[in-house]
Amino acid sequence: MEKKELLYEGKAKRLYATENTDQLIAEFKDDLTAFNAEKKGSEQGKGALNCKISTELYALLSANGVKTHLIETLDENHQLVKSVEIIPIEVVVRNTATGSLSKRLGIEDGKVLPFTLVEFYLKDDDLNDPIITDDHCMLLELVDDRAKLDILKQKGLQINRLLKDFFAERRLNLVDFKVEFGIDKEGEILLSDEISPDSCRFWDMDSGEKLDKDRFRENLGNVKVAYEEVLKRILGDVL
Ligand code: TMP
Ligand code: ASP
């Protein structure tokens with residue numbers, strides 16, 4: 001499958017057309033951004049690491065009944081994916097308070113939440129991805145039916161259950177993560193975009209060390225080493 005014209009360039013990926021209008025090629029970039037791209041950087045090999053990590057996690061989710069846009073991984077930083085209409089809602093799932101949740105509500109950093117929290121953020125860089133309610137989603141016509149919002153929440157929780165247990169077995173605490181969904185031409189809601197240390201927080205269960213993009217956000221160094229460690233834990237003995 002060959003890349004044709006560039007359709008879209010995001011902060012971490014480029015999307016290309018293919019000869020099949022139902023299929024696109026996603027290219028994972030080495031660029032790193034934070035705080036709505038106010039902070040920019042690059043790590044050689046980061047795109048390939050995220051492509052591999054996301055491929056593995058999508059395979060796990062898919063094997064457990066989560067429908068995704070991924071058709072196949074083509075090489076170290078390209079995936080063939082179904083063309084979907086992305087729902088402009090970032091679904092954030094949190095097990096432990098940190099980041100913007102702690103900042104906004106004053107909840108102690110590192111506090112384990114009494115239940116899994118699901119939040120919606122508007123996917124709009126110009127507005128700085130604000131947090132939104134179900135009513136805001138309806139007002140902005142982000143979905144055509146309120147029931148879809150419950151589906152997004154349920155899917156977020158299902159993905160969390162599967163990933164949290166998977167990572168716990170590998171001594172990683174899945175603190176929180178962000179997922180996006182798209183609608184294919186049959187009207188099916190598919191998990192889309194990537195799941196990687198760019199979009200998740202992982203804390204080592206023994207040392208508490210951060211093994212995700214917070215290393216870049218907070219200038220902790222060893223960004224690539226941390227992403228490699230996450231991949232190593234995912235692959236276990238296979239690596
Ligand atoms: P937050 O605490 O900054 O709101 O982030 C919550 C989770 O969402 C965290 O795992 C990082 C992820 N995330 C993204 O993937 N993209 C974003 O633009 C933001 C702000 C967070
Ligand atoms: N993804 C956002 C950015 O690239 C924010 C973040 O992940 O911190 O700026």
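Because the structure is a prediction, the values reported are computed rather than measured. Order of listing sets the numbers, starting from 1, for every ligand and every atom in it. We count residues from 1, following the sequence as given.
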### Message
Less than 4.5 Å apart, side chain to side chain, heavy atoms only: is that true for V81 and S192?
### Response
no
### Pairwise side-chain contact, R146 with D150, heavy-atom cut-off 4.5 Å (strictly under)
no
### Side-chain donor-acceptor contact under 3.5 Å, D109 with T98
yes
### Task
Would you mind listing which atoms of ligand 1 come within a distance below 4.0 Å of any non-hydrogen atom of F177?
10 (O)
### Message
Closer than 4.0 Å to some heavy atom of R217 - which atoms of ligand 1 meet that?
### Response
11 (C)
### Query
Please state which protein non-hydrogen atom is closest to atom 3 (O) of ligand 1 and give its distance, to 0.1 Å?
R201 NH2, 3.6 Å
### Query
Any protein heavy atom sitting closer than 4.0 Å to atom 14 (C) of ligand 1?
yes
### Task
Test V223 against every option in D212, L32, L49 by the side-chain contact (heavy atoms from CB on, under 4.5 Å) rule and name the one that passes.
L32
### Task
Quick one: look up the protein heavy atom nearest atom 16 (N) of ligand 1 and list residue, atom name and how far away it is.
K178 CE, 3.8 Å
### Message
With heavy-atom distances below 4.5 Å as the criterion, would you say the side chains of I89 and F181 are in contact?
### Response
no
### Message
Show me, by chain and number, every protein residue that has a heavy-atom distance under 4.0 Å to ligand 2.
### Response
K11, T33, A34, F35, N36, A37, K213, R217
### Task
Determine, counting only non-hydrogen atoms of the protein, whether one lies under 4.0 angstrom from atom 20 (C) of ligand 1.
no
### Query
Closest non-hydrogen protein atom to atom 7 (C) of ligand 1, residue and atom name please, with distance?
D176 OD1, 3.7 Å
### Query
Salt bridge or not for E228 and K232, using N-O below 4.0 Å?
no
### Message
Out of all atoms in ligand 1, which are within 4.0 Å of some heavy atom of G99? Include the element for each.
### Response
2 (O)
#### Entry: Test salt bridge (charged side-chain N to carboxylate O under 4.0 Å, His left out) applied to K13 and E27, E180, E194, the passing residue
E194
## Note on the structure
For R217 and K39, the nearest pair of non-hydrogen atoms, with its separation, is O-CE, 3.9 Å
### Message
Rounded to the nearest 0.5 Å, what separates atom OG1 in T96 from atom CZ in R94?
### Response
10.5 Å
### Query
Among protein heavy atoms, which sits nearest to atom 4 (O) of ligand 1, and what does the distance come to when rounded to 0.1 Å?
S100 OG, 2.6 Å
### Message
Any heavy atom of K213 closer to ligand 1 than 4.0 angstrom?
### Response
no
### Message
Hydrogens and angles aside, do D129 and N36 bring a side-chain donor and acceptor to less than 3.5 Å of each other?
### Response
no
#### Entry: Nearest non-hydrogen protein atom, atom 17 (C) of ligand 1
E90 OE1, 4.0 Å
#### Entry: Option among N64, L172, L61 that satisfies the side-chain contact (heavy atoms from CB on, under 4.5 Å) test with L163
L61
